[in-house]
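Okay, so here's the structure we're looking at.
Computed over heavy atoms, backbone and side chain alike; hydrogens, waters and symmetry mates excluded. Here the structure is a predicted model, which means the values were calculated and not measured. Throughout, protein chains are lettered first and strands after them, A, B, ... in sequence-line order, and every chain is numbered starting at 1.
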There are 2 protein chains.
Amino acid sequence: MPHRQLAFPQSECADCPIRHRAVCARCETDELEQLEAIKYYRNYEAGQTVVWAGDSMDFVASVVRGVASLTQTMEDGRRQMVGLLLPSDFLGRPSREKAPYDVIATTDLQLCCFRRAPFQNMIDTTPHISQRLLEMTLDELDAAREWMLLLGRKTAREKIASFLAIIARRDAQVQQTIAQGEVGFDLPLTREAMADYLGLTLETVSRQMSSLKRDGVISLEGKRRILVPDFDVLLDETGDDSDGGVLA
Amino acid sequence: MPHRQLAFPQSECADCPIRHRAVCARCETDELEQLEAIKYYRNYEAGQTVVWAGDSMDFVASVVRGVASLTQTMEDGRRQMVGLLLPSDFLGRPSREKAPYDVIATTDLQLCCFRRAPFQNMIDTTPHISQRLLEMTLDELDAAREWMLLLGRKTAREKIASFLAIIARRDAQVQQTIAQGEVGFDLPLTREAMADYLGLTLETVSRQMSSLKRDGVISLEGKRRILVPDFDVLLDETGDDSDGGVLA
DNA sequence: ACCCCGGCTTGATCCACGTCAAGGCACGGA
DNA sequence: TCCGTGCCTTGACGTGGATCAAGCCGGGGT
């Protein structure tokens with residue numbers, strides 16, 4: 001099973017009011033207006049911390065532009081990324097005040113925020129919102145569990161290939177051309193962030209990227225732009241069930 | 001943060017009708033009666049498969065007795081456990097027909113099942129049930145993410161110690177004596193299942209158990225019963241934040 | 001033009017864990 | 001009683017990825 005799809009293709013919802021539908025797919029006009037009334041924007045630069053683990057968060061948000069990561073850190077400094085938020089993903093948990101992990105902007109980032117209390121109100125009074133949130137949380141849980149398989153059992157090369165496939169599949173433009181085989185996209189993470197994502201060191205990430213390049217599976221344009229001549233070849237490297245179901 | 005607590009201490013709800021409260025903490029009598037009307041029991045022996053990945057599940061359930069695991073398997077046979085269900089935990093996802101992973105009884109197991117369709121009805125007509133399910137799913141997500149840190153960054157010894165601490169903390173009887181330091185409990189998993197849980201081989205599990213025994217952190221009574229002379233010493237081995245918050 | 005610095009690559013070496021293999025122990029059935 | 005079988009332990013050895021270390025490259029500031 002591939003990484004969960006976008007709640008909505010990015011092309012359909014370029015700005016925030018529509019993006020609310022990531023929260024509530026069936027919202028009617030008046031509900032969208034309620035959301036409109038309690039929303040505001042926040043912007044962060046690459047590398048900035050949005051919230052620290054343990055801090056209380058007075059908002060929930062939906063990612064408009066950029067990428068944020070959820071990261072756990074052990075006392076001795078070992079770090080593991082436990083969530084990656086791309087545009088249209090949802091950040092924060094209604095009815096839970098404290099953030100359980102650091103939230104870090106890995107690229108420049110724009111959030112569309114809703115203040116907690118009124119948002120909580122909407123949930124309590126609009127039943128299908130909590131159903132929608134349940135759906136989204138189940139998607140996150142599926143993604144987390146696929147990630148556990150990656151962390152526990154895949155080799156470094158498989159981890160890198162899986163990561164590239166995930167990023168490619170979540171890129172709206174790539175989505176449309178993926179069937180033709182050749183695709184290109186930008187990495188939204190540094191090698192170090194990739195290492196934190198994949199449970200590796202940055203040296204191993206770098207070596208495996210070089211190895212995939214040597215073997216012709218990918219090529220690089222600069223450090224961040226990836227070209228994949230044949231997406232199926234990349235999928236073969238992931239170790240995943242290769243039912244060929246690119247759009248499954 | 002420790003592994004999520006039981007929805008309710010096991011001692012409070014020894015049989016199924018009460019255990020429904022794991023699904024719905026605020027259910028009133030008439031709602032419990034509705035659940036009562038659509039419930040039935042299933043029993044499995046240790047090692048039996050409850051559902052295969054990809055099968056459609058016509059029920060959701062709550063674990064009454066025993067332990068079930070959610071396991072992903074790659075084509076070449078590598079396996080990773082992605083969920084562990086103990087008594088009072090919930091199995092299945094309303095509004096999702098297909099099971100995404102194998103569900104296996106790791107001990108003798110009793111489930112209290114609810115047929116899908118009527119259960120789905122209750123969700124749609126009783127708003128606070130879907131809110132309760134959201135809470136439970138968020139707990140599962142937190143557990144999954146803590147597990148990701150374990151899989152990605154902990155050493156074999158830390159993994160074993162963390163696992164023992166998780167099992168101990170979820171054991172109701174242990175809960176009550178944990179403050180005194182010395183606790184004992186039974187492992188509900190074979191060494192092989194522990195290996196699948198922890199992203200290790202069974203040999204490494206065995207060696208690390210022996211090592212913890214040699215170092216006096218634990219002692220064994222038979223293969224499955226664990227005695228921990230000082231729980232804080234075990235916690236020191238987990239690599240976790242040692243804020244001493246046993247009951248946090 | 002120069003240097004600096006952050007992000008990245010590459011090489012040499014080490015070691016934790018996987019792999020392969022040989023038993024040990026407890027239980028159940030003939 | 002003996003043997004078979006499932007589960008576990010232990011040892012010897014190999015290796016994938018971590019660690020340590022030395023640069024490279026490209027962009028921005030002075």
What nucleic acid atoms does [X] come within less than 4.0 Å of, heavy atoms only: base, sugar-phosphate, or nothing?
X        : value
A:Arg224 : sugar-phosphate
A:Leu200 : sugar-phosphate
A:Thr190 : sugar-phosphate
B:Gly47  : nothing

For this session: Could you tell me whether the phosphate oxygens of D:dA18, OP1 or OP2, come under 4.0 Å of any side-chain nitrogen or oxygen in A:Thr201?
Result: yes
Problem set entry | D:dG6 OP1/OP2 closer than 4.0 Å to side-chain N/O of B:Arg191 | no
Between [N] ([atom2]) and [X] ([atom1]): distance, integer Å:
X        : N      : atom1 : atom2 : result
B:Arg78  : C:dT19 : CZ    : P     : 10 Å
B:Met194 : D:dC7  : CE    : P     : 15 Å
B:Arg153 : D:dT19 : CZ    : C1'   : 13 Å
B:Leu202 : C:dC20 : CG    : P     : 13 Å
B:Ile160 : D:dC8  : CD1   : C1'   : 13 Å
B:Glu192 : D:dG6  : CD    : P     : 12 Å
A:Leu150 : D:dG17 : CG    : P     : 12 Å
A:Lys223 : C:dT9  : NZ    : C1'   : 7 Å

Sidechain N-carboxylate O distance under 4.0 Å for [X], [Y]:
X        : Y        : answer
B:Arg191 : B:Asp196 : no
A:Arg153 : B:Asp76  : no
A:Arg78  : B:Glu158 : yes
A:Glu192 : A:Arg79  : no

Exercise. Where the side chain of B:Ala156 is defined as all heavy atoms beyond and including C-beta, which of D:dT9, C:dC17, D:dG17 is the nearest nucleotide?
Worked result: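 Of D:dT9, C:dC17, D:dG17, C:dC17 is nearest to the side chain of B:Ala156.
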For this session: Check DNA chain C against residues 206-214 of chain A and give the residues with a non-hydrogen atom under 4.0 Å, in numerical order.
Result: A:Ser206, A:Arg207, A:Ser210
Problem set entry | Residue whose closest nucleotide on DNA chain D lies nearer the 5' end, A:Glu203 versus A:Arg157 | A:Arg157
Exercise. With sequence neighbours left out, what residues match A:Asp186 under side chain to side chain donor-acceptor pair (under 3.5 Å)?
Worked result: A:Arg225
Exercise. Considering the options A:Asp240, A:Ile160, A:Leu198, which one meets the side chain to side chain contact (heavy atoms under 4.5 Å, CB included) requirement together with A:Lys154?
Worked result: A:Asp240
For this session: Could you tell me whether B:Arg42 sits above the aromatic face of B:Phe59, with NZ or CZ closer than 6.0 angstrom to the six-membered ring centre and within 45 degrees of the axis?
Result: yes
